[in-house]
Amino acid sequence: MSAAAHARQRGSGTVLMLMVLGVACLALLAAAMVGRVWIASRQARTMADTAAVSAASAMAYGAGDPCLTAARVVSAEGGMMASCLVDGEDVTVSVDHRLGGRLDATVGATARAGPVACR
């Protein structure tokens, strides 16, 4: 390799390494955002499940309005109740959970609870 060719390539390894590090940082950032959305969706599902079971229990034991019970549970968990539907002995609860921060999105989940028929 001549001295002129060597001079032209000087610093190219540094530029390549900076590009690789930049791509790695973007990949880590994307993975963190996907993880945050996944965790928020699990939290929303847990809120919906807990609220639906609490509402069905309140209805079964005559402890008051099932939808009000569900709303209290969802509010205590930091979510927002989107809907509550009582159908016979079943209660269906839909909740929304905001991610907050720079990623201002909402994740929702729905759960149903009620007695199971024995055979």
### Query
Is there a side-chain contact between V15 and M19, using heavy atoms and a 4.5 Å cut-off?
yes

### Query
Which residue pairs pass the disulfide bond (SG atoms under 2.5 Å apart) test when at least one of the two sits in residues 44-74, sequence neighbours left out?
C67-C84

### Task
Check the hydrophobic clustering (I, L, V, M, F, W, Y; side-chain heavy atoms under 4.5 Å; chains of links allowed) and say if V37 and I39 are grouped together.
no

### Message
Run the side chain to side chain contact (heavy atoms under 4.5 Å, CB included) test against R36 and tell me which residues pass, sequence neighbours left out.
### Response
L99

### Query
With a cutoff of under 4.5 Å between side-chain heavy atoms, which Ile, Leu, Val, Met, Phe, Trp and Tyr residues group with M59?
M47, V74, M81, V86, V91, V93, V95

#### Entry: Qualifying side-chain hydrogen bond (donor to acceptor under 3.5 Å, both in side chains) pairs, either residue in residues 54-67, two or more places apart
none

### Query
Roughly how far apart are T110 OG1 and D49 CG, rounded to 0.5 Å?
10.0 Å

### Task
Return the set of residues passing side-chain hydrogen bond (donor to acceptor under 3.5 Å, both in side chains) with R42 (not counting sequence neighbours), or none when no residue passes.
none

### Query
What closest approach, in Å, do A111 and A52 show between heavy atoms, and which atom pair accounts for it?
O-CB, 3.8 Å

### Message
If I compare all heavy atoms of A55 with all of A70, which pair ends up nearest, and what's the gap?
### Response
CB-CB, 4.0 Å

### Message
Quick test of your reading: applying side-chain hydrogen bond (donor to acceptor under 3.5 Å, both in side chains), list the pairs with at least one residue in residues 68-85, sequence neighbours left out, ordered by first then second residue.
### Response
S83-S94

### Task
Measure across A48 and A109 and return the closest heavy-atom pair with its distance rounded to 0.1 Å.
CB-O, 3.9 Å

### Query
What heavy-atom pair brings G108 and A44 nearest, and what distance separates the two atoms?
C-CB, 4.4 Å

